[in-house]
Amino acid sequence: MKKVKFDKDICMSCRACEIACGERHSDHVNWLDSFFAEPRPIPRVRVSLKKGNPYLVRCQFCKNPKCMEVCEFDAITQEEDGFVRFDAEKCTGCWECVEACPFDCIEKDMVNEVAIRCDLCEEYENLACVSACPTDALTVKE
Amino acid sequence: MAKESEMKQKSVDPATLEMLEVVCDSDVDATTIWDRYERMQPQCRFGELGICCTICLQGPCRINPFGKEPSRGVCGATAYTIVSRNLIRKIAAGCAAHSDHGRHVAHTMKALVDGKADAYSIKDEDKLRAVSQRVGIDVDGKDTMELTKELLGKVFEDYSRVEHEPLTWLRTTLTPKRMEIADRCDVLPNNIDAAIVEVMHRTHIGVDADPVPLIFNGIKCSLADLAGEHISTDLSDILFGTPMLTFTESNLGVLKKESINIAMNGHNPVLSEIICDVAEEMTDAAKEAGADGINIVGICCTGNELLMRRGIPIATNFASQELAIMTGVLDAMIIDYQCIMPSLGMWTRCFHTRLISTSDLCRQAGDTHIEFNPSSAREDAKRIVLLAIEAYKDRNEKIIHIPDVKESTCVGFSTEQIEEILSKVSDDPYQYLADKVKEGKIQGFGALVGCNNVKTCHDLNHLTIAKELIKNDILVIATGCAAGAYARAGLMSSKATKEFAGEGLKEVLTELGEKFGLDDALPPIWHMGSCVDNSRIHDFATMLANKMGIDIKDLPVIASAPEDMSEKAVVIGTWLVATGWPTHVGVLPFIHGSPLVVEIAENTARDVFGGYFVFEEDPNEAARRLVNIVKNRRWRLGIGEDKETIYWSGYTKEDVFAEKPEVAADGGEEE
């Protein structure tokens, strides 16, 4: 599993990662369309503040994920390498996982009524957020 | 409880805090500036460092501030080029705002001369003659209109001159030494509009890339701004009267439940003065609607203009303007331009308040637009007041909440008024002040100017610095929203002199107050007007410097914009530095991405102009350094009492050697 490292000291809080993530997780080929098309794309990462420093809100892939514990529909499973897989088909939109997450990093997709979280850009070679970062505050550790 | 402590950080003004609590408890569908600031966190540091360039369409280009790639924009511009280009574009915008304000007053005056504006008259003929004389017009035997016409010729010449001669309003207001320095540095503008155009041209892609000429061009533009401000002040005084000492009240408590409340928000006095005239005549219409009269209050700098000339109470300054609507008793907010929050439309939609825009420059979503023309000024003003009377009937009595906070305020310190006060104690007015400075009764002068910035606790920086200065016998002269903050906190009253002023300052103010025929001392902070009236601060220092036979760069003066926010604050800071003032700013401008530009602002500027910037975010530390700077300047004048070593930037020997001094120029350190 790819591990993403975040360095708060060199993050410029420009939110380029948020934009790249939302863009990648939209169905639209044209990047401009992706921002304003309905349903609006939901970024899986979010830059916020913690003790005066930038802080990246993104799935931490916990060893014992609280979200998995509370899910009654087996939509969340953990793989051997620690990757927490999320099955949108099984998700009913009960938001139990959203409540349970201690890092506040599961978003609600109100249109499709499914929970949304980082999928490590599985279908792609690179991570959208990491490649968008202009100062390498986000890096990948294999 | 948590809620309360959170609120404490937002403001130190009791009325603002009270209203914020009301907002919290209500279900009003609008956000305050504090909410929006919180939602905006964290803000992009590329922007904060000034190293994001969007000037050409190959961008946006962002320089890596950690010394890695990319170190140049697509066009090849490095951090210093990008920072200085962005900075001087801000200066140009500030200059445009101030000088266009001046131009509007001039156009109104022109309409008066042409006989197309009968609502106006020349209210201060003495000032007309004084200004005309100053700019080199022969005043003998000329009647008022003739003189006005000739003066306007000079004004419009400054907006349109082709010859390479310096602006009339600079040539006649700068000290000779200043003129010489400015001339040597080639920063004397010949035409206000051209100075703005030059900046815009210079910062176009592929024009100037050298930070030094770029910044000097910014300084040239800032001097054009000084002329624009001076023109605004001079013409406004001639048209509406020079401010004289007035006693009134400030803060949200001046709104009256029984009256029709009209708030004037913005900067230009051209319309608001007429509205005041008309409102007095329309009391009957107000009574018919069930109110006991019309109560006009001021917000922001239109508020300051009215406060100074008519003693109309000021309700809020920039940051808390939305909260005036939240009281539920504001029937109309009349806006002209500058520092009008675009959120006002959202707020007025939630209440019965009518938002009336009067300038096609400044329209808001959800406004009622009544275009204001000098030729139909009275009719326009009447229509506006009628709208307010109509709105009064729609008031929702259930949601009214007026904080019971108001402070007595003494304002009106134009240079003319100061001269009059001083003439009661001495035949040579400014010599009296010069003597007091030499004696040490007054240690120096502090010009506190500028805006509100939501990045700081509302009004906290203003009050902390002002109290510390007056405690150290430094007389404070204030303009703009800074002055609004002091008025609302009760620092512009005799009571404040007794409570906060140092012994020497108290003695002088009491003597002046009593000799002038007041029973009490003068306030320790002198309100000089709106933000264009910073020209009064400039005049005051110039007269004092001339009297003492020195240049402003040697005077024991400091300037500070504790909560600088607008582009106008950037331009004012720049010309203050260029005219020799050590100028503190409490919120960092977007220049720290280039240590070179910071070096120019903090050090090189001092070598060339004698003035320099002091960047300090902590108000207590800033106040300490500002007091030290005054001490340092007194010591260099040979009138200082202090033996301890103080450096020009306000650091003492202990700061430099014992502690590790803060590295201000390092962008990476910035929050």
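Order of the sequence lines fixes the chain letters, A, B, ..., with proteins taken first and strands second; residue numbering starts at 1 for each chain. Side chains are part of it too, since the values below use all heavy atoms of this structure and drop only hydrogens, waters and symmetry mates.
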More than 12 non-hydrogen atoms from neighbouring residues, nucleotides or ligands closer than 6.0 Å to CZ on Phe46(B), yes or no?
-> yes
Taking only Lys NZ, Arg NE, NH1 and NH2, and the carboxylate oxygens of Asp or Glu, determine whether Lys66(A) and Glu69(A) approach each other closer than 4.0 Å.
-> no
Between Pro134(A), Cys11(A), Cys14(A), which has the largest tally of heavy atom pairs under 4.5 Å with chain B?
-> Cys14(A)
NZ or CZ of Arg58(A) within 45° of Phe6(A) ring axis and under 6.0 Å = no
Most heavy-atom pairs under 4.5 Å with chain A, out of Glu69(B), Lys68(B), Gln43(B), belong to Gln43(B)
Interface check, chain B: of Asp136(A), Leu49(A), Ile10(A), most non-hydrogen pairs under 4.5 Å belong to Ile10(A)
With no hydrogens and no angle check, is any side-chain donor or acceptor of Arg85(A) less than 3.5 Å from a backbone partner on Glu79(A)?
-> no
